[in-house]
There are 2 protein chains.
Amino acid sequence: MYVAIYEDLSARIAAGELAAEARLPSEHAIAEQFGVSRMTVRQALDKLVDEGVLLRRRGAGTFVGSERTRYRRQNRLASFGAEIGADDELETQVLQIRAVVPDDQVREELQLRAGAQAVEVRRLRRLPGGPVSLQTSWVPYALASSLPRHGLVGGSLYRTLREEHQVELRWAEQAVSASAADEEAARLLEVPLHAPLLEIRRTAHVETNAPAEYARSLTRPEFPLWMRLQA
Amino acid sequence: MYVAIYEDLSARIAAGELAAEARLPSEHAIAEQFGVSRMTVRQALDKLVDEGVLLRRRGAGTFVGSERTRYRRQNRLASFGAEIGADDELETQVLQIRAVVPDDQVREELQLRAGAQAVEVRRLRRLPGGPVSLQTSWVPYALASSLPRHGLVGGSLYRTLREEHQVELRWAEQAVSASAADEEAARLLEVPLHAPLLEIRRTAHVETNAPAEYARSLTRPEFPLWMRLQA
DNA sequence: GAGTGGTCTAGACCACATG
DNA sequence: ATGTGGTCTAGACCACTCA
């Protein structure tokens, strides 16, 4: 039920029915409107506040965040397109999909036995203006053995895992740093050799907390990563 | 009351009394132990799960996260020392504190009137092994007019704002990217000219959602930023 | 089958912001 | 003075995990 309230409010904000800075009905009023208790409403609002879509002000009300604040759903495990706020225009060039015996760091992150295989997916993500990000992902072979044969659905690894392999990713931890473009990255991302790039190493997990994807990505610095911090 | 439970559990995990991978008592049991309802316990556990300290597995129990997962309290607005997990050893070299009329981007982020002043704080953060990060912060002059005279408490801007100016920061949004070291950054951070650096631009807010700090930092790539993503 | 976390109810009192 | 969000109660039923 709280998911239904969450989706209803999300849709109304996305549609502009609830504009930026607008005040929402009070939690009591929303509860009555949906015929649920206030704790259930709060569960939906908590999620939207966490994403930066809503702001709460004690004694005053709950407000829709500014355009900029809510444009990017922050700290969410989403497709890369949604992450940079350009899901529609993003193109994916699949460079390679193959089964490999991964290196030690990948093996450890995916908790694979020595010699166990993983599927390696290398992609270049592009916008009309040019290349954006070079991404390499590894998925345990046992989870997605048909990936090399069947390829990606719509260029999205997460969508493919969900729809073709019944693998639903729930949370991830990632390390964000910077690195200099090597020859391959410079060529594919169309930047000078040794140019600074945003480097992300991510381990994503399914609901049982088992790791299901390890990824390394290099992104042009014009596409920063937005995040939200709580005290 | 949920804060008390949160702090009790945090302390027991930090002290090693609850080791990594250990299972916590059930939510019902914790509620009885503290004499509160289960919803209150969940409020405390939610916060720890959000930080990556605890992991929940439906039907099985709540577990302390692995050393690595819980070492860094992720997505939290904390002092830089706590952020990189080396609060004790971090040294702060204050390069400059002065009142300035900031540039347009800073003025807009802090929602200052044209010509209004801000206090600029420039710091170099160091560990025993060498420099780590070069940080410039701006705070509206009205919030901290005595900062240039009195300086920082223990090298920490957030602590100074809290203790000397009654300014408590509650949340922030930040853009994370990469940039090449200019001459000054290269000299202070002891890296080659044009070396890749992690660049963060952060706007921090008080409880009323008014902006109270804008900061730009450049960090050596050996000190990545860790974050946690939820589906 | 027993115990766990996930969700929900139908209230309540409080501190706080605003008119 | 009114209404808001912040917190809390004392239950409940469910799906799920695991012995």
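These values consider heavy atoms only, across backbone and side chains, with no hydrogens, waters or symmetry-generated copies. So that the names make sense, note that chain A is the first sequence line, chain B the second, and so on, each numbered from 1.
Dashed line: the shortest gap from a side-chain N or O of B:Thr40 to OP1 or OP2 of D:dT9 is under 4.0 Å. Residue A:Thr62 places at least one side-chain N or O closer than 4.0 Å to OP1 or OP2 of D:dG5. For D:dT4, the OP1/OP2 oxygens have no side-chain nitrogen or oxygen of A:Arg56 closer than 4.0 Å. Contact check, A:Ser26 against D:dT4: a side-chain N or O comes under 4.0 Å of OP1 or OP2.
By the salt bridge (charged side-chain N to carboxylate O under 4.0 Å, His left out) test, B:Arg12 pairs with B:Asp8, B:Glu17, sequence neighbours left out. The side-chain hydrogen bond (donor to acceptor under 3.5 Å, both in side chains) check on A:Ser26 picks up nothing, with sequence neighbours excluded. Residues satisfying the salt bridge (charged side-chain N to carboxylate O under 4.0 Å, His left out) test with B:Glu21, not counting sequence neighbours, are none.
Side chain of A:Arg23, nearest nucleotide from D:dT4, D:dG6, C:dT9: D:dT4. The side chain of B:Glu27 sits closest to C:dG6 out of C:dT4, C:dC8, C:dG6. Set against C:dT9, D:dC8, C:dG5, the side chain of A:Val36 has C:dT9 as its closest nucleotide.
Summarising the geometry, the separation between NZ on B:Lys47 and C1' on D:dG6 is reported as 13 Å, rounded to the nearest angstrom. The distance between atom CD of B:Gln43 and atom C1' of D:dA10, rounded to the nearest whole Å, is 16 Å. Rounded to whole Å, the distance from OH on A:Tyr2 to P on C:dG6 is 9 Å. For the pair B:Met39 CE and D:dT9 P, the interatomic distance rounds to 11 Å; values are reported in whole Å. Atom P of nucleotide C:dG6 and atom CG of B:Leu55 are separated by 11 Å, given to the nearest angstrom. Regarding B:Leu45, its CG atom lies at a distance of 15 Å from the C1' atom of C:dT7, rounded to whole Å. Counting to the nearest Å, the P atom of D:dT4 and the CG atom of A:Leu54 are 16 Å from each other. Put simply, CD on B:Glu32 is 12 Å from P on D:dA10, counting in whole angstrom units.
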Report task. Scan nucleotides 13-19 of chain D nucleotide by nucleotide, 5' to 3', and note B when protein non-hydrogen atoms come under 4.0 Å of the base, S if they reach only the sugar-phosphate, - if neither. Result -> ---BBS-
Show me the donor-acceptor pairs, under 3.5 Å and distance only, between side chains in residues 52-64 of chain B and residues at least two apart or in other chains.
| unit_1 | atom_1 | unit_2 | atom_2 | d |
| --- | --- | --- | --- | --- |
| B:Arg56 | NH1 | B:Glu27 | OE2 | 3.2 |
| B:Arg56 | NH2 | B:Asp46 | OD1 | 2.3 |
| B:Arg58 | NH2 | A:Glu207 | OE2 | 3.2 |

Please set out all donor-acceptor pairs under 3.5 angstrom arising from side-chain atoms of residues 96-105 of chain B, sequence neighbours excluded.
| unit_1 | atom_1 | unit_2 | atom_2 | d |
| --- | --- | --- | --- | --- |
| B:Gln96 | OE1 | B:Arg98 | NE | 3.3 |
| B:Arg98 | NE | B:Glu120 | OE2 | 3.4 |
| B:Arg98 | NH2 | B:Glu120 | OE2 | 3.2 |
| B:Asp103 | OD1 | B:Gln105 | N | 3.1 |
| B:Asp103 | OD1 | B:Val106 | N | 3.0 |
| B:Asp103 | OD2 | B:Arg216 | NH2 | 3.4 |
| B:Gln105 | OE1 | B:Arg201 | NH1 | 3.1 |
| B:Gln105 | OE1 | B:Arg216 | NH2 | 3.2 |
| B:Gln105 | NE2 | B:Tyr214 | OH | 2.9 |

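Ranked by how close their nearest DNA chain C nucleotide is to the 5' end, A:Gly35 and B:Arg42 are led by B:Arg42.
Side-chain contact, B:Glu163 with B:Tyr158: no donor N or O sits under 3.5 Å from an acceptor N or O. For the 3.5 Å distance criterion, the side chains of B:Glu173 and B:Thr203 fail to qualify, holding no donor opposite an acceptor.
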